Asks: 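Before we start, here is the structure in question, set down as structure tokens.
Owing to the predicted nature of the structure, the values given are computational and were not obtained by experimental measurement. Atoms within each ligand, like the ligands themselves, are counted from 1 in listed order.
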Amino acid sequence: MASYAGQVDLAATKLYTVIFPMEGDGADRRLLLGLKKRGMGMGLWNGFGGKPEPGETLDACARRELQEECGLRARDLRYVGVLLMACAGHRDMAIFVYTAHDLVGDVVESDEMQPQWFPEAAVPYASCHQEAPLWWPAMLDGERFVARFVFDDADGIEHDIQRADDAQLAGLLALAQP
Ligand SMILES: Nc1[nH]c(=O)nc2c1ncn2[C@H]1C[C@H](O)[C@@H](COP(=O)(O)OP(=O)(O)OP(=O)(O)O)O1
């Protein structure tokens, strides 16, 4: 899995970011999630995020979406993984995943998201995207990953999650740059 060039056609894929603010250590660590108030994933808890604007890098998109949707900025924003998603009848999606640390600002509700802190042990998986339990534990463990999900009409999921290194993640980010 040295390179995704030729395997993933990001030009034909809808690009998104999703950002998970975290604070505290060990058993005290908590995660800020947002209850989506409209659009895709409405009624589910997720990280903050959205689509890049024309010409915007994914890193810049992640910083903008974080601030717009929950009021926070991150002194330490980490690009930790990519979710490649295929669902019959829909364009493929690539979601670039970030964790946000050393946070600045006050948490505020936005038109899109109602934010709430959750202790790591109390993440509400039953009210998150159905595939969240398959990869959030790896993210919470500080792993870097590339995950592929194929959804079928009956709500089934095939998935494959692999650890990724800096070069692999940088390669995918480069394929997705404007
Ligand atoms: N199956 C899924 N699993 C997941 O973890 N995140 C998902 C997901 N499907 C969508 N997302 C994330 C990606 C992104 O952060 C967010 C969707 O972005 P947007 O809010 O921009 O999309 P909308 O179509 O709601 O946009 P608007 O045009 O702003 O209403 O939801």
Asks: The criterion is side-chain hydrogen bond (donor to acceptor under 3.5 Å, both in side chains); which residues satisfy it with Q116, sequence neighbours excluded?
Replies: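 So Q116 forms no side-chain hydrogen bond (donor to acceptor under 3.5 Å, both in side chains) with any residue.
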
Asks: Note every protein N or O atom lying under 3.5 Å from an N or O atom of ligand 1, pairing the names and giving the distance.
Replies:
unit_1   : atom_1 : unit_2 : atom_2 : d
ligand 1 : 1 (N)  : H129   : ND1    : 3.4
ligand 1 : 1 (N)  : E131   : OE2    : 3.0
ligand 1 : 3 (N)  : E131   : OE2    : 2.5
ligand 1 : 6 (N)  : N46    : ND2    : 3.0
ligand 1 : 15 (O) : T17    : O      : 2.7
ligand 1 : 15 (O) : G50    : N      : 3.4
ligand 1 : 20 (O) : K36    : NZ     : 3.2
ligand 1 : 20 (O) : E112   : OE2    : 2.7
ligand 1 : 21 (O) : K51    : NZ     : 3.2
ligand 1 : 22 (O) : K51    : NZ     : 3.4
ligand 1 : 24 (O) : K51    : NZ     : 3.4
ligand 1 : 25 (O) : K36    : NZ     : 2.9
ligand 1 : 25 (O) : M40    : N      : 3.2
ligand 1 : 26 (O) : K51    : NZ     : 2.9
ligand 1 : 28 (O) : K51    : NZ     : 3.3

Asks: Under the side chain to side chain donor-acceptor pair (under 3.5 Å) rule, what pairs show up with a residue in residues 63-75, not counting sequence neighbours?
Replies: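 Counting only pairs at least two positions apart or across chains, the side chain to side chain donor-acceptor pair (under 3.5 Å) contacts touching residues 63-75 are E56-R64, R64-E68, R75-D102.
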
Asks: Excluding sequence neighbours, so at least two apart, what forms side-chain hydrogen bond (donor to acceptor under 3.5 Å, both in side chains) with D166?
Replies: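 With neighbours one apart ignored, the set is R144.
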
Asks: Over 60° means perpendicular and under 30° means parallel, so classify the ring planes of F20 and W136, tilted if in between.
Replies: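 If you compare the ring of W136 with that of F20, the planes turn out perpendicular.
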
Asks: Would you call E112-K36 a salt bridge at under 4.0 Å N-O?
Replies: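 Salt bridge present between E112 and K36.
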
Asks: When the ring planes of H159 and F149 are compared, do they come out parallel, tilted or perpendicular, using 30° and 60° as the limits?
Replies: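 Ring orientation, 0 to 90° scale: parallel.
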
